[in-house]
Participant: 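Sending over a structure as structure tokens; questions will come in a sec.
All figures in this text were calculated on a predicted structure; none of them were measured in a lab. Atoms considered below: every heavy atom in the structure, side chains included; atoms not considered: hydrogens, waters and symmetry mates.
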Amino acid sequence: MEGSVEARVSHEVDRWLAWLPRWRPGTHRARVRLCQRCFGSPILAAAGLEVDVPHPVQHAFSMRMKGIIDLAVDDYTARNLPMLHREIRLAEERKARRPYRAGEGLDPEFLGLELDPEPVPDQPFLFTLTGLEADAAAEAAEPAPRPFTMDEKEALREEVRLADDFAKQLGRRICSELTHHRERIGVAVAEFVEPQIEDLLADLDRELDSPGWLG
């Protein structure tokens, strides 16, 4: 497993580095809410991306590392946690039967991002992607799952705990491995990200110094 984790981390760092030159700063209104995936992330800290890096760049990296953890946890669950594996499979089957799934098929760089912009006071949306997905789920009218017995609930809680422990252990191993990639990650950020941020700041300075801001 050690070599496997090392190879997966190296591969996903390579893919993120290949994506990074295509990144461009967004020109839309910034979001107010913090991303729970990225804020305070030990993975971003291990990679040297926790400070002074735009959130889309951070998010693209953290979601690639999350993909490593998700695949490994899925494999661990399938092999060792039969009850949890069954419930996850049934939940995925129910979701697959929905006629519309807004976040389906997104590239890793966009997974986990909020699908809709933040609302503006007195400017209601005609519709939202999240709302359309909820409406589609309601129309599917899936029957409620069978209720668990007390023994089943306790067994499922234990399997969830074991899966969480495995994910945390793997996360720590990924953080340790990322320290070996910090230098090339930092070089790429300096080459592809920092110049674009500097250009944005220079444009802002020019706008603030323009005559239109005087008086």
Participant: Could you tell me whether a side-chain N or O of S10 sits under 3.5 Å from a main-chain N or O of A7, the two making a donor and an acceptor?
Facilitator: no
Participant: With rounding to the nearest 0.5 angstrom, report the CD to CE distance, E152 to M83.
Facilitator: 4.5 Å
Participant: Would you call D164 and K168 a salt bridge, using N to O less than 4.0 angstrom?
Facilitator: no
Participant: About how many Å separate CD1 of I43 and CD of E177, when rounded to the nearest 0.5 Å?
Facilitator: 12.5 Å
Participant: Do the non-hydrogen side-chain atoms of P82 and E159 ever get within less than 4.5 Å of each other?
Facilitator: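 Yes, side chains in contact.
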Participant: When you compare the side chain of H181 with that of W16, does any pair of heavy atoms fall below 4.5 Å?
Facilitator: no
Participant: Is any NZ, NE, NH1 or NH2 atom of the basic residue among R184 and D14 found under 4.0 Å from an Asp or Glu carboxylate oxygen of the other?
Facilitator: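 Salt bridge flag = yes for D14 with R184.
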Participant: Apply side chain to side chain contact (heavy atoms under 4.5 Å, CB included) to residues K153 and L156 and explain how you reach the verdict.
Facilitator: CA-CA 5 Å; K153 289 180 181 179; L156 187 58; 5.8 Å; no
Participant: With a cut-off of 6.0 Å (strictly less than), are more than 12 heavy atoms of other residues, nucleotides or ligands near CG of D52?
Facilitator: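 Check fails, neighbour count at 12 or below.
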Participant: Do you know the tightest heavy-atom contact between V189 and L20?
Facilitator: N-CD2, 4.1 Å
Participant: In terms of hydrophobic clustering (I, L, V, M, F, W, Y; side-chain heavy atoms under 4.5 Å; direct or indirect links), are L90 and V73 co-clustered?
Facilitator: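 Different clusters: L90 never reaches V73 through Ile, Leu, Val, Met, Phe, Trp or Tyr contacts under 4.5 Å.
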Participant: Closest heavy-atom contact between W19 and P56?
Facilitator: CH2-O, 3.9 Å
Participant: Between L170 and Y76, does the side chain to side chain contact (heavy atoms under 4.5 Å, CB included) criterion hold? Intermediate values first, please.
Facilitator: CA-CA 11 Å; L170 183 57; Y76 173 81; over 6 Å; no
Participant: Which heavy atom in I69 sits nearest to a heavy atom in G171, and how many Å separate them?
Facilitator: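 That would be CD1-CA, 4.1 Å.
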Participant: In chain order, what residues pass the side-chain hydrogen bond (donor to acceptor under 3.5 Å, both in side chains) check against Q169, with sequence neighbours excluded?
Facilitator: none
Participant: Indicate the atoms forming the closest heavy-atom contact of A46 with C175, along with that distance.
Facilitator: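 Closest heavy-atom pair between A46 and C175: CB-O, 3.4 Å.
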Participant: Do you know the tightest heavy-atom contact between E191 and P195?
Facilitator: O-CG, 3.4 Å
Participant: Using 4.0 Å as the upper bound for N to carboxylate O, is an ion pair formed by E92 and R89?
Facilitator: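 Looking at E92 together with R89, the answer is no, because their closest N to O distance does not fall below 4.0 Å.
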Participant: Using a strict 4.0 Å threshold on nitrogen-to-oxygen distance, state whether E12 and R8 make a salt bridge.
Facilitator: no
Participant: Quick check for you: to the nearest 0.5 Å, what is the distance between E6 atom CD and H180 atom NE2?
Facilitator: 7.0 Å
Participant: Taking all heavy atoms of Q196 and all of P25, pick out the closest pair and write down the distance.
Facilitator: OE1-CD, 2.8 Å
Participant: So do F166 and N80 actually touch side chain to side chain, heavy atoms under 4.5 Å?
Facilitator: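 No; the side chains remain at least 4.5 Å from each other.
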Participant: Distance check, rounded to the nearest 0.5 Å: I88 atom CD1 versus T77 atom OG1?
Facilitator: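 Answer rounded to 0.5 Å: 5.0 Å.
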Participant: Linking I/L/V/M/F/W/Y whenever their side-chain heavy atoms sit closer than 4.5 Å, directly or via other members, would V53 and I197 fall into one cluster?
Facilitator: yes
Participant: Decide whether L162 and L71 are clustered together by the hydrophobic rule: side chain heavy atoms of Ile, Leu, Val, Met, Phe, Trp, Tyr closer than 4.5 Å, transitively.
Facilitator: no
Participant: To the nearest 0.5 Å, how far apart are CG in D74 and CG in L84?
Facilitator: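 The distance works out to 9.5 Å.
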Participant: Determine whether L178 and V13 make a side-chain contact, defined as any pair of heavy atoms from C-beta on separated by less than 4.5 Å.
Facilitator: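 Heavy-atom side-chain distance check passes, below 4.5 Å.
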Participant: Got a second to check how far H55's NE2 is from C35's SG, nearest 0.5 Å?
Facilitator: 3.5 Å
